[in-house]
Amino acid sequence: MPTEVQLSFQSKALSDAELEPGTVPGAGVETVAILKDADITSAKMLCGYYLLANRDDAIFELFLDKLSLNDKKIRKQDARTIIEALASKTDMGCTDKIFTTNVKVAEQSGEHTKVAMIFAFQAVSTRQLVAGQVPGLGEVGVDKVRGGLTKLLESKQLKDHFHTPSAVQLVGAYFILGNDGFKNFLTTLGCRDHCALQTLGAIEEHAVKL
């Protein structure tokens, strides 16, 4: 039977608030201290790291196992509880299926183009990005994001994933870097401002659903 912490975590939106013991299932006093020492300061950021690992439980468990504070590490049982909670939390908004453009949507002008509507219509995928999948990212943009995410994974001591880059990883980067940080991430990679804004808007639209 789900605990009160589990029910609360699954029913509420991911928070930017300071991570406290009992906010995320499996994250007690010692675990929260270890996470904060690694600059993981909110439930949203913790989820961001899970998504940056492309929802790969094994890769994320290895990441958690590397964290320590004063020679104390996250207990394996607690790590698995955290992973189970994050997997369940993101299950509805994410998919392992290949992205498809074979979706009927009404063509609209203005803010929501057909590409944007198709992307918004589907769950974000762990499969490798293709040009035209995410608004603002063509072939050149996908290549730039691939390089950027690979470097971000390295900087966060996360193992690269063979599906990098994926839309799920982009949402993870958005959670970790924040709105302005994610836009800066895209523009630093050389994405044009209008393309970066399109990508930011599309990723943000999915992020708020998790």
Side-chain angles (χ1 to χ4, degrees), residues 9-19 24 39-55 86-87 89-95 97 99-101 103 105-106 108-138 140-142 144-149 151-153 155-156 158 161 163-210:
F9 181 69
Q10 297 301 331
S11 63
K12 295 179 181 178
L14 288 165
S15 174
D16 280 322
E18 188 80 8
L19 187 62
V24 178
D39 203 28
I40 302 172
T41 57
S42 69
K44 184 176 285 187
M45 284 188 72
L46 181 59
C47 185
Y49 278 87
Y50 178 66
L51 297 179
L52 192 61
N54 216 31
R55 298 185 80 239
L86 293 173
K89 182 71 173 173
T90 58
D91 191 54
M92 290 293 291
C94 301
T95 181
K97 294 180 180 178
F99 178 84
T100 177
T101 57
V103 178
V105 295
Q108 292 189 11
S109 59
E111 185 178 348
H112 285 282
T113 64
K114 187 174 181 181
V115 171
M117 291 191 69
I118 291 174
F119 181 68
F121 184 81
Q122 300 182 64
V124 283
S125 176
T126 59
R127 296 300 188 97
Q128 196 167 69
L129 278 181
V130 295
Q133 176 180 345
V134 178
L137 293 180
V140 174
V142 168
K144 290 176 178 177
V145 165
R146 178 180 293 110
L149 279 176
K151 289 181 180 178
L152 184 60
L153 285 161
S155 73
K156 302 301 183 183
L158 270 165
H161 198 279
H163 279 157
T164 300
S166 74
V168 162
Q169 288 178 313
L170 284 178
V171 177
Y174 174 83
F175 278 161
I176 293 169
L177 300 174
N179 192 293
D180 292 341
F182 184 71
K183 182 178 182 294
N184 185 60
F185 167 75
L186 294 172
T187 54
T188 300
L189 293 175
C191 297
R192 295 177 180 177
D193 281 346
H194 71 280
C195 292
L197 287 172
Q198 288 177 14
T199 303
L200 173 63
I203 294 299
E204 182 181 21
E205 193 170 344
H206 274 288
V208 298
K209 299 174 185 176
L210 296 178

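- Within the model, atoms CZ of F185 and OG1 of T199 stand 10.5 Å from one another, a figure rounded to the nearest 0.5 Å.
- When every heavy atom of C191 is checked against every heavy atom of L137, the shortest pair comes out as SG-CD2, 4.4 Å.
- Interatomic distance, CG of D91 versus CG of L86, reported as 12.0 Å (0.5 Å rounding).
- Smallest separation of non-hydrogen atoms from A131 and G138: CB-C, 3.6 Å.
- To the nearest 0.5 Å, atom CD of residue E204 and atom CG of residue L197 are 10.5 Å apart.
- Within the 4.5 Å cutoff, the side chain of T90 has heavy atoms near those of the C47 side chain.
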- What do the steps show when you test E205 against F119 for side-chain contact (heavy atoms from CB on, under 4.5 Å), and what is the final call? CA-CA 10 Å; E205 193 170 344; F119 181 68; over 6 Å; no

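- Contact check for E18 versus S42: no side-chain heavy atoms found under the 4.5 Å cut-off.
- Looking only at side-chain heavy atoms (C-beta outward), L200 and N179 come within less than 4.5 Å of each other.
- With sequence neighbours left out, the side chain to side chain contact (heavy atoms under 4.5 Å, CB included) criterion links T187 to K183, N184, D193, A196.
- Between V134 and V142 there is no side-chain heavy-atom pair separated by less than 4.5 Å.
- At distances below 3.5 Å, not a single donor-acceptor pair connects side-chain atoms of R127 with backbone N or O atoms of H163.
- Within 6.0 Å of atom NZ in K209, more than 12 heavy atoms from other residues, nucleotides or ligands are found, so the atom counts as buried in its surroundings.
- Shown here are the side chain to side chain contact (heavy atoms under 4.5 Å, CB included) partners of K144, two or more places apart in sequence or in another chain: V140, L189.
- Between the Q128 side chain and the S166 main chain, no donor and acceptor come within less than 3.5 Å of each other.
- Annotation: the span from I176 atom CD1 to F182 atom CZ amounts to 11.0 Å, rounded to 0.5 Å.
- Between L52 and L153, the shortest heavy-atom distance links the atoms O-CD2, 3.4 Å.
- Geometrically, K89 engages F9 in a cation-pi contact, judged by NZ or CZ lying under 6.0 Å from the ring centre and within 45° of the ring axis.
- The side chain to side chain contact (heavy atoms under 4.5 Å, CB included) check on T95 picks up K97, A123, S125, with sequence neighbours excluded.
- Taking CG of L186 as the reference point, atom CD of Q198 lies at 11.5 Å (rounded to 0.5 Å).
- Interatomic distance, CE of M45 versus CG of D39, reported as 5.0 Å (0.5 Å rounding).
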- Dump the intermediate steps for side-chain contact (heavy atoms from CB on, under 4.5 Å) on L51 and V168, then the final yes or no. CA-CA 6 Å; L51 297 179; V168 162; 3.8 Å; yes

